[in-house]
Novice: 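Can you read through this structure? Questions will come right after.
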Amino acid sequence: MSSLPGQTNRRRRPTARGHQAISHGTLCPAIKRMEKAGLPRREAQPGIAAAPRHVPSLTEEGLDEPSSFFYRGDKPLAAAEVDDPFRQGVPLIARATSKAEKAWLDRTIAELECGA
């Protein structure tokens, strides 16, 4: 997570990778769970209007903490613990997308280096 206010992160993250926007109802509970575990810290920065913006950034512990797509209460669920076939597809699609994105980046960088 970059050091951006939650709302900015919510809007920018998916569009940078061509995905739909992350809902407020998904991002805020995830950030709160992470804060409860001491993984990000939150800094208040001046806002555009009068209200300050709360900007989370990961601590060292947060960088080392494994992530999960789904939770039961505060407990992260392993892929084998998710029984909904649609939810089982989320990490599968995420891994395939990451693999395809990395392959594309490797090809593009190689092509640019050859053309330089």
Side-chain angles (χ1 to χ4, degrees):
M1 177 184 321
S2 62
S3 294
L4 292 171
Q7 286 299 322
T8 305
N9 248 324
R10 183 182 71 81
R11 287 190 301 270
R12 279 193 193 169
R13 280 288 172 209
T15 55
R17 293 188 167 200
H19 301 292
Q20 289 182 323
I22 299 168
S23 76
H24 186 269
T26 299
L27 183 64
C28 286
I31 291 173
K32 286 181 183 179
R33 278 193 303 271
M34 291 173 66
E35 285 177 338
K36 190 174 179 182
L39 304 176
R41 67 181 154 269
R42 190 186 289 222
E43 296 176 31
Q45 295 182 353
I48 296 170
R53 299 171 80 163
H54 297 280
V55 180
S57 58
L58 289 175
T59 61
E60 278 300 315
E61 295 82 18
L63 292 170
D64 296 334
E65 180 73 17
S67 62
S68 177
F69 281 100
F70 302 107
Y71 286 78
R72 185 171 294 124
D74 286 341
K75 178 189 177 281
L77 299 178
E81 297 176 290
V82 178
D83 54 5
D84 179 330
F86 297 100
R87 288 185 174 202
Q88 288 172 345
V90 171
L92 177 72
I93 292 166
R95 281 191 299 273
T97 300
S98 293
K99 185 177 177 180
E101 183 178 31
K102 184 180 182 318
W104 171 79
L105 282 170
D106 289 342
R107 281 192 315 270
T108 303
I109 290 168
E111 289 171 7
L112 290 170
E113 287 175 344
C114 287

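As the structure is a prediction and not an experimental result, all values here were calculated from the model.
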Novice: Tell me who clusters with Leu105, hydrophobic residues only, linked when side chains sit under 4.5 Å apart either directly or through other members.
Specialist: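 Under the 4.5 Å side-chain rule, Leu105 groups with Trp104.
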Novice: Output the distance between atom CZ (Arg33) and atom CD (Glu35), rounded to the nearest 0.5 Å.
Specialist: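 Arg33 CZ to Glu35 CD: 11.5 Å, rounded to 0.5 Å.
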Novice: Name all pairs fulfilling the salt bridge (charged side-chain N to carboxylate O under 4.0 Å, His left out) condition that reach into residues 77-88, sequence neighbours left out, sorted by first residue then second.
Specialist: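 Output for this query lists Lys75-Glu81.
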Novice: Between Gln88 and Val82, which heavy-atom pair has the shortest distance, and what is it?
Specialist: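 Minimum heavy-atom contact is NE2-O, 2.7 Å.
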Novice: When you group the ILVMFWY residues by side-chain heavy-atom contacts below 4.5 Å and let the links chain together, are Val90 and Ile93 in the same group?
Specialist: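 No, Ile93 and Val90 fall in different hydrophobic clusters.
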Novice: Using the test side chain to side chain donor-acceptor pair (under 3.5 Å), find all partners of Lys99 that sit at least two apart in sequence or belong to another chain.
Specialist: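 Residues passing side chain to side chain donor-acceptor pair (under 3.5 Å) with Lys99: none at all.
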Novice: Using the test side chain to side chain contact (heavy atoms under 4.5 Å, CB included), find all partners of Arg72 that sit at least two apart in sequence or belong to another chain.
Specialist: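 Partners of Arg72 by the side chain to side chain contact (heavy atoms under 4.5 Å, CB included) criterion, ordered by chain and then number, come out as Leu77.
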Novice: In Å and rounded to the nearest 0.5 Å, what is the CZ to CE distance from Arg42 to Met34?
Specialist: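 Reported value, rounded in 0.5 Å steps: 11.5 Å.
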Novice: What pairs with Glu43 under side chain to side chain donor-acceptor pair (under 3.5 Å), at least two apart in sequence or on another chain?
Specialist: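 For Glu43 there are no side chain to side chain donor-acceptor pair (under 3.5 Å) partners, ignoring immediate neighbours.
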Novice: My understanding is that only residues two or more places apart in sequence, or in another chain, count here; which of them pass salt bridge (Lys or Arg N to Asp or Glu O under 4.0 Å) with Lys36?
Specialist: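 With sequence neighbours excluded, Lys36 shows a salt bridge (Lys or Arg N to Asp or Glu O under 4.0 Å) to Asp74, given in chain and number order.
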Novice: On a heavy-atom basis, which atom in Ile31 and which in Pro40 lie closest, and how many Å separate them?
Specialist: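 In this case the closest contact between Ile31 and Pro40 is O-CG, 4.5 Å.
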